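These notes are about the structure you will find just below.
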Amino acid sequence: MSTPNESSPPDLYRFDACGALLSTHLPMPRRSGKVRDVYDLGDSLMIVSSDRISAFDYILPSGIPNKGRLLTQMSRFWFSILPVRHHLLTTEIPETLSQKFDTSPLEGRTMIVEKADVVPFECVVRGYLEGSGLLEYQATGEICGNALPQGLKQCDALPEPIFTPATKAEEGHDENVSFDRMASDIGTELAEKLRDQSLRIYRVASEHAASKGLIIADTKFEFGRVDDELVLVDEVLTPDSSRFWNAASYAPGSAQPSFDKQFVREYLSQCGWDKQSDPPPLPAEVIERTAAKYTEAFERITGETFS
């Protein structure tokens with residue numbers, strides 16, 4: 001653990017009442033997403049996973065304590081076992097930063113990564129029928145141009161995993177698109193590489209998850225290019241980017257309990273919030289149950305004990 005620098009500004013980090021890290025404001029060039037703060041270190045990037053949580057396109061005023069650490073450590077695990085080139089260099093905080101300010105809140109939630117020219121599409125793989133894919137199938141009988149058999153039920157396994165790209169939205173929802181649309185934007189050769197790589201990673205990850213009694217219903221990957229080489233970037237196969245189900249209780253025909261922010265969505269849907277104004281704080285019970293689900297997913301996937 002680093003020793004706090006007494007001269008550090010008091011507003012480098014902002015926590016909520018439960019101790020969740022809501023934001024970081026380090027003295028470096030920074031951009032922020034819904035969960036991660038990204039800092040430019042010159043020849044690399046530092047990705048800090050906060051404990052922020054979003055739902056219905058809003059960032060909530062309450063965080064989930066240790067969520068960022070769980071996401072980071074789960075991504076670290078997957079990067080270590082997947083047969084793919086990735087952008088992670090280290091999860092150690094550079095000593096040059098620790099000498100300048102208190103970096104202890106960053107420990108366990110930081111990735112130092114290569115800079116990459118990011119492909120402007122989410123590479124979504126679906127093995128089961130749920131979410132926006134279910135809605136599109138019910139309306140058209142296909143998902144993103146992938147024709148599917150008639151009569152599939154909610155959460156049914158698909159005959160084969162399918163690749164369903166989506167545009168990357170800065171705000172709001174990503175837009176599902178066809179493979180042909182993706183190919184027309186970035187070129188057929190690159191689109192085919194992304195499709196094949198995404199399906200291969202999904203199959204490897206699904207086999208590992210199955211050995212732990214879990215189903216990966218769907219997931220999304222992001223890729224970039226480093227020196228013209230395709231590289232897996234961002235987080236990977238976490239409860240924020242994937243739908244994990246318990247294989248032992250899997251029963252198609254209705255929604256499955258998932259290892260993510262399901263409790264948060266359920267609370268916000270029944271608490272009276274109009275989903276058009278600032279969202280309310282979360283009750284302690286919802287925070288605790290959500291944190292427990294993230295922890296269980298991490299421990300089952302990695303075989304490690306989170307501490």
Side-chain angles (χ1 to χ4, degrees), residues 1-5 8-28 30-41 44-54 59-60 62-82 86-114 212 222 232-242 244 259-261 264 287-307:
M1 298 286 285
S2 27
T3 302
N5 185 331
S8 295
D11 57 351
L12 291 177
Y13 309 103
R14 185 168 68 89
F15 300 87
D16 68 11
C18 292
L21 178 63
L22 295 185
S23 62
T24 66
H25 301 275
L26 307 179
M28 295 177 288
R30 164 184 174 268
R31 67 177 187 270
S32 290
K34 288 181 179 178
V35 173
R36 286 172 294 283
D37 297 334
V38 181
Y39 292 90
D40 192 331
L41 302 183
S44 60
L45 298 176
M46 182 170 74
I47 301 177
V48 179
S49 292
S50 74
D51 297 327
R52 295 191 294 269
I53 191 165
S54 64
I59 296 174
L60 305 184
S62 307
I64 306 299
N66 289 316
K67 173 175 174 279
R69 289 189 169 93
L70 288 159
L71 296 181
T72 299
Q73 298 310 312
M74 191 177 292
S75 288
R76 171 195 54 76
F77 170 81
W78 285 115
F79 282 133
S80 74
I81 71 166
L82 292 173
H86 58 76
H87 70 158
L88 178 62
L89 298 172
T90 181
T91 55
E92 297 296 320
I93 300 166
E95 187 176 347
T96 53
L97 299 185
S98 300
Q99 293 171 346
K100 295 177 181 178
F101 53 83
D102 176 19
T103 57
S104 58
L106 304 178
E107 292 183 7
R109 62 172 76 246
T110 299
M111 295 193 300
I112 308 300
V113 304
E114 292 182 281
K212 305 296 184 178
E222 290 197 46
L232 183 62
V233 303
D234 201 57
E235 66 174 344
V236 59
L237 291 157
T238 73
D240 272 15
S241 66
S242 315
F244 293 101
F259 292 82
D260 59 5
K261 46 194 173 186
V264 172
I287 292 172
E288 291 167 3
R289 294 176 71 189
T290 302
K293 275 296 179 186
Y294 275 84
T295 301
E296 183 182 354
F298 167 83
E299 293 186 341
R300 290 182 65 172
I301 289 283
T302 66
E304 303 170 15
T305 300
F306 180 74
S307 59

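Start at 1 with the first residue, then count along the sequence. Here the structure is a predicted model, which is why all the values come from computation and not from measurement. The analysis underlying the following values was restricted to heavy atoms, covering all of them including side chains, and did not include hydrogens, waters or symmetry mates.
Shown here are the side chain to side chain donor-acceptor pair (under 3.5 Å) partners of Asp240, two or more places apart in sequence or in another chain: Lys67, Tyr294. Evaluation of the side chain to side chain donor-acceptor pair (under 3.5 Å) rule for Thr72 yields Ser49 as partners, not counting sequence neighbours. Qualifying side chain to side chain donor-acceptor pair (under 3.5 Å) partners for Asp51, counting only residues two or more places apart in sequence or in other chains: Arg109. Remark: Arg14 pairs with no residue by the salt bridge (Lys or Arg N to Asp or Glu O under 4.0 Å) rule, at least two apart or across chains. In terms of the side-chain contact (heavy atoms from CB on, under 4.5 Å) criterion, residue partners of Phe306 (sequence neighbours excluded) are, by chain and number, Asn66, Arg69, Leu70, Thr295, Phe298, Glu299. With sequence neighbours left out, the salt bridge (Lys or Arg N to Asp or Glu O under 4.0 Å) criterion links Lys261 to no other residue. Annotation: side-chain contact (heavy atoms from CB on, under 4.5 Å) contacts of Glu92 (sequence neighbours excluded): Thr90. In this structure, Thr302 has no side chain to side chain donor-acceptor pair (under 3.5 Å) partners at least two apart in sequence or on a different chain. Applying the side-chain contact (heavy atoms from CB on, under 4.5 Å) test to Leu41 and every residue at least two apart in sequence or in another chain returns Met28, Ser44, Met46, Pro94, Leu97, Ile112. Applying the ring-ring contact (aromatic ring centres under 6.0 Å, His included) test to Tyr39 and every residue at least two apart in sequence or in another chain returns nothing. By the side-chain contact (heavy atoms from CB on, under 4.5 Å) test, Leu45 is found to be paired with Arg31, Val38, Asp40, Val113, Lys115, residues two or more places apart in sequence or in another chain being considered.
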Next on the checklist: Let's go through Asp11 and His25 carefully: what are the C-alpha distance in whole Å and the side-chain angles of both, what is the deciding distance for side chain to side chain contact (heavy atoms under 4.5 Å, CB included) to 0.1 Å, and is it a yes or a no?
Outcome noted: CA-CA 7 Å; Asp11 57 351; His25 301 275; 5.7 Å; no

Item to check | side chain to side chain contact (heavy atoms under 4.5 Å, CB included) between Arg52 and Asp37, worked out | outcome: CA-CA 10 Å; Arg52 295 191 294 269; Asp37 297 334; 3.0 Å; yes

Item to check | Residue pair Thr110, Thr103: steps toward the side chain to side chain contact (heavy atoms under 4.5 Å, CB included) verdict | outcome: CA-CA 10 Å; Thr110 299; Thr103 57; over 6 Å; no

Checklist entry - Can Thr238 and Trp78 be said to form a side chain to side chain contact (heavy atoms under 4.5 Å, CB included), step by step? => result CA-CA 9 Å; Thr238 73; Trp78 285 115; 5.7 Å; no

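Smallest separation of non-hydrogen atoms from Tyr13 and Leu21: CB-CD1, 3.8 Å. A pairwise comparison of heavy atoms in Gly108 and Gln73 identifies O-NE2, 2.8 Å as the closest pair. When every heavy atom of Ile287 is checked against every heavy atom of Pro65, the shortest pair comes out as CG2-CD, 3.6 Å. Looking at every heavy atom in both residues, Leu232 comes nearest to Phe79 through CD2-CE2, 3.9 Å. Taking every heavy atom of both residues into account, Gly33 and Ile59 meet most closely at O-CD1, 4.4 Å. Closest approach of Leu71 to Pro239, counting heavy atoms only: CD2-CD, 4.1 Å.
Of the possible polar contacts, one joining the Arg300 side chain to the Lys212 backbone as a donor-acceptor pair under 3.5 Å is found. Looking only at distances, no side-chain donor or acceptor of Asp234 sits under 3.5 Å from a matching main-chain atom of Glu222.
In this structure, Leu106 CG and Thr91 OG1 are separated by 12.5 Å, a value rounded to the nearest 0.5 Å. To the nearest 0.5 angstrom, Phe259 atom CZ is 13.0 Å from Thr290 atom OG1. A distance of 4.5 Å separates NE2 of His87 from CE of Met111, quoted to the nearest 0.5 Å. The distance from the CG atom of Asp16 to the CD1 atom of Ile64 is 8.5 Å, given to the nearest 0.5 Å.
For residues 70-81, every residue pair satisfying the salt bridge (Lys or Arg N to Asp or Glu O under 4.0 Å) rule, not counting sequence neighbours, is listed here: Arg76-Glu304.
For the residue pair Arg30/Ser32, the side-chain donor-acceptor check at 3.5 Å is satisfied.
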